[in-house]
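Have a look at the structure below before the remarks.
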Amino acid sequence: MPENRDALEALTRAHVRPVAFAVKTNVMYDGSLDDESPVHGSAVSFRIGDYLHIFEKFDANWWVGRKVKEGSDIGFVPSPDRLEQLILQKAPVGKLDRVKTGAGSNPVPAAANSQPNQDASQAGEEGASGVRVSAPPVIEKKKGFLGKKCETLSPYDVVPIMRPVVMVGPSLKGYEVTDMLQKAVFEFLKNKFEGRIIITHVGADLSLGKTSVLNNPSNRKLLEKSSLTRAKDLAEVQAEIERIFDLSRNMKIILIDCDTINHPSQLAETSLAPIMVYLKITSTKVLQRLIKSRGASQSRNMNIQVVATEKLEQCEAEQFDLTLDEFQLEDACEHIAEYLEAYWRATRPPRQPILE
């Protein structure tokens, strides 16, 4: 396709435009052979679980955006309609990639610039135009007496422009040891990223903000009818999620102090796509000594805190973006600061326009 002036101007314009919205990818797309891109060679390739910043919708088939990765250029991202066209062109007919996964599946890169391991779903299939693309995963959900219901995910999920940072561990929030250690990390980050960070408190139970509930009017009405308190809670959670999305438009690091979040699974089905940080004490004995040092009131709740720690230790490594298991708290603070500095750079496009 011949390059047109409008497409070139859109790429240049994006360097001075704010990010309009962000998405997480549920499909892979290799645009290196996509000759339909408005500017040849400018299609943005991505894998399942990548994050994209979108600056504008160029036309029905293409958006202007970039992968959230340090040094990643601004280019053209295929729209959901474009991806659907490519998927339908795939050969052989009827051999779409269908990945069965749990309703709470939420693959998260282990680091700001890391990529998920390549597997069959990442490899995709070659369409009629030679473009490699995979179909969105299909989720199987139980449907009571009616049997199982299959739901195909959309190619993209809309997420906050800046992924909020959520910290869990070493045990339960609301107890002195966990609150004390997390507060120390928060204070360090507040000073380290002064002017570039927003620390906000959330008292609502964000785990109630499942996408399947908030985005489905029938499911939401059913839950709201069951209890007036439930309806009030859902409204509060919806408001908090919208507030976090709004805060992300500032393009600053967002650190959320969540009263009720103690495990990564609690946010797996929400639209927040958080950066999950695990503040870990590797020795149970060290944790017990710390709890005892806080006095009798904390020691009485020793067992519940130890059990919460054990539950976190049973998590898969992929459930966390970052694990802070350093022996010294100062080292853990430097570790998370280094990670967030890398994430900050990844969210900024190259300064110089890619085209003159």
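All residue numbers in this chain count up from 1 along the given sequence. Both backbone and side-chain heavy atoms feed into the values below; hydrogens, waters and symmetry mates do not.
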May I ask you to decide whether [X] forms a salt bridge with [Y], counting only side-chain N to carboxylate O separations under 4.0 Å?
{"X": "R82", "Y": "D34", "result": "yes"}
{"X": "R196", "Y": "E341", "result": "yes"}
{"X": "E326", "Y": "K280", "result": "no"}
{"X": "D321", "Y": "R163", "result": "yes"}

Quick one: do [X] and [Y] end up in the same hydrophobic cluster if we chain Ile, Leu, Val, Met, Phe, Trp and Tyr together by side-chain heavy atoms under 4.5 Å apart?
{"X": "V306", "Y": "Y175", "answer": "no"}
{"X": "V159", "Y": "V19", "answer": "yes"}
{"X": "V307", "Y": "I261", "answer": "no"}
{"X": "V286", "Y": "V168", "answer": "yes"}
{"X": "I74", "Y": "I54", "answer": "yes"}

>> Between T211 and S271, is the side chain to side chain donor-acceptor pair (under 3.5 Å) condition met? List the steps.
In response: CA-CA 6 Å; T211 305; S271 61; 4.8 Å; no
Any donor-acceptor pair under 3.5 Å linking the side-chain atoms of [Y] with those of [X]?
{"X": "R294", "Y": "S299", "value": "no"}
{"X": "D30", "Y": "S32", "value": "yes"}
{"X": "E242", "Y": "Q238", "value": "yes"}
{"X": "D325", "Y": "T323", "value": "no"}

>> Walk me through whether W63 and F21 qualify under ring pair (Phe, Tyr, Trp, His ring centres under 6.0 Å).
In response: CA-CA 11 Å; W63 297 343; F21 62 96; 5.3 Å; yes
> Backbone N or O of I161 within a donor-acceptor pair of the S248 side chain at under 3.5 Å?
Replying inline: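 Yes; at least one donor-acceptor contact below 3.5 Å.
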> Checking side-chain contact (heavy atoms from CB on, under 4.5 Å) for the pair F320/V277: CA distance, chi angles, key distance, verdict?
Replying inline: CA-CA 6 Å; F320 302 109; V277 178; over 6 Å; no
> Shortest non-hydrogen contact from S207 to L267?
Replying inline: N-CD2, 4.3 Å
> Looking at Q266 and H263, what are the two nearest heavy atoms and their distance?
Replying inline: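 The pair with the smallest heavy-atom distance is OE1-N, 3.0 Å.
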> Hey, what do you get for CE (M167) to CD (Q182), rounding to the nearest 0.5 Å?
Replying inline: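 That separation rounds to 6.0 Å.
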